[in-house]
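Take a look at the structure below.
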Amino acid sequence: MGVLIVLVVLAVLAVLIAGAAIGIYNKLVRKRNGVDNAWAQIGVQLKRRYDLIPNLIVTVKGYAAHERQTFESVTAARVAAMAATGPVEKAKAENALTSALRSVFAVAEAYPQLQASRNFSELQGELSDTENRIAYSRQYYNDAVLTYNSAVQTVPSNIVAGTFGFGPREFFTAPESDRGPVHVRF
């Protein structure tokens, strides 16, 4: 009779441990999927940004055709940003694109007629709105990565994570060169 009780207790413990492991596994899958979804949302906003840039360039070219170097740098930065993969590479490419876009807006300031253009104003507003959405999406992604990484690295879920190959994800961060103070030159 004593052996039977021990076997029942062991069976119950095994079921509880298996149930806990399944629950932790499912939690990790949900968190990983949340990170993937957040990354996809960044992609949606970046696609919107990439689609707006050619329209902006065409509009500005109509007023400032001789600013060819500026337009080429924006186009090259856009292509590089679209080709970048992973959070670190994507962040670096996006920062280069943002810098190139600032050059376009700086060129636009020299052309009052362009500033008064309704089409330019609308594109500038849409791009500004998109930049805000991208910033929010990046923050949401980083929050999802933080939650996921915490789950992957804390006990007892780290045991299940290690067993089933759940590894930490990278944050979307600005490169070191972009973290310092902004230098304004006149």
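Here the structure is a predicted model, which is why all the values come from computation and not from measurement.
- In this structure, Leu97 and Arg78 approach most closely via the heavy-atom pair CD1-N, 3.7 Å.
- Ile5 and Leu13 fall within a single hydrophobic cluster, where Ile, Leu, Val, Met, Phe, Trp and Tyr are joined by side-chain heavy atoms under 4.5 Å apart, directly or via other members.
- Put simply, OG on Ser99 and CD on Glu94 are 12.5 Å apart, with the number rounded to the nearest 0.5 Å.
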#### Entry: Criterion side-chain hydrogen bond (donor to acceptor under 3.5 Å, both in side chains) on Arg49 and Thr98, from CA distance to verdict
CA-CA 10 Å; Arg49 181 188 201 198; Thr98 298; 2.5 Å; yes

### Query
Yes or no on side chain to side chain contact (heavy atoms under 4.5 Å, CB included) for Phe164 and Ile24, after CA distance, side-chain angles and deciding distance?
CA-CA 11 Å; Phe164 292 102; Ile24 291 170; over 6 Å; no

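- Interatomic distance, OG1 of Thr59 versus CG of Asn119, reported as 4.0 Å (0.5 Å rounding).
- The nearest pair of heavy atoms linking Val35 to Tyr148 is CG2-CB, 3.6 Å.
- The backbone N or O of Phe172 lies less than 3.5 Å from a partner atom in the side chain of Asn142, making a donor-acceptor pair.
- Here the closest non-hydrogen pair linking Glu67 and Val107 is CG-CG1, 3.5 Å.
- Rounding to the nearest 0.5 Å gives a distance of 7.0 Å between CD of Gln45 and CD of Gln41.
- Counted within 6.0 Å of OH on Tyr140, heavy atoms from surrounding residues, nucleotides or ligands total 12 or fewer; the atom is thus considered open.
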### Message
Checking Lys90 against Trp39 for the side chain to side chain contact (heavy atoms under 4.5 Å, CB included) test, could you report, in this order, the C-alpha distance in whole Å, the side-chain angles of both residues, the deciding distance, and whether it holds?
### Response
CA-CA 11 Å; Lys90 193 65 125 170; Trp39 182 251; 3.9 Å; yes

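- Note that the CZ atom of Phe105 and the CG atom of Leu114 stand 9.5 Å from one another [nearest 0.5 Å].
- Between the side chain of Thr147 and the backbone N or O of Asp143, at least one donor-acceptor pair lies under 3.5 Å.
- In the hydrophobic clustering of this structure, Met82 groups with Ile42; members are Ile, Leu, Val, Met, Phe, Trp, Tyr whose side-chain heavy atoms approach within less than 4.5 Å, directly or through other members.
- Residues Val8 and Leu16 share a hydrophobic cluster, clusters being chains of Ile/Leu/Val/Met/Phe/Trp/Tyr side chains in contact below 4.5 Å.
- Criterion: ILVMFWY side-chain heavy atoms under 4.5 Å apart, direct or through other members. Under it, Val29 and Val160 are part of a common hydrophobic cluster.
- In plain terms, the two heavy atoms of Leu52 and Leu123 that are nearest each other are CD2-CD2, 4.1 Å.
- Rounded to the nearest 0.5 angstrom, Gln124 CD and Leu101 CG are separated by 10.5 Å.
- Within the 4.5 Å cutoff, the side chain of Tyr141 has no heavy atoms near those of the Leu146 side chain.
- In plain terms, the two heavy atoms of Asn149 and Pro168 that are nearest each other are OD1-CA, 3.1 Å.
- Summarising the local packing, NZ of Lys47 is surrounded by 12 or fewer heavy atoms from other residues, nucleotides or ligands at distances under 6.0 Å.
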### Message
For Ile53 and Thr75: C-alpha separation, side-chain torsions, deciding distance, then whether side chain to side chain contact (heavy atoms under 4.5 Å, CB included) applies.
### Response
CA-CA 8 Å; Ile53 290 171; Thr75 301; over 6 Å; no

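- The distance between the ring centers of Tyr25 and Phe166 falls below 6.0 angstrom.
- Val145 places none of its side-chain heavy atoms less than 4.5 Å from the side chain of Glu170.
- Electrostatic pairing of Arg48 and Asp129 counts as a salt bridge here, judged by a charged N lying under 4.0 Å from a carboxylate O.
- Between Arg169 and Asp36 the shortest side-chain heavy-atom distance falls below 4.5 Å.
- Across all their heavy atoms, Ala100 and Ala77 have their closest contact at CB-CB, 4.1 Å.
- Side-chain contact of Thr173 with Arg138: a donor-acceptor pair under 3.5 Å is absent, judged by distance alone.
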### Message
Checking Ser137 against Ile134 for the side chain to side chain contact (heavy atoms under 4.5 Å, CB included) test, could you report, in this order, the C-alpha distance in whole Å, the side-chain angles of both residues, the deciding distance, and whether it holds?
### Response
CA-CA 5 Å; Ser137 294; Ile134 291 169; 5.6 Å; no

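- In this structure the side chain of Ser117 reaches within 4.5 angstrom of the side chain of Tyr63, judged on heavy atoms.
- Side-chain contact between Val60 and Thr70 is absent, with no heavy atoms from C-beta onward closer than 4.5 Å.
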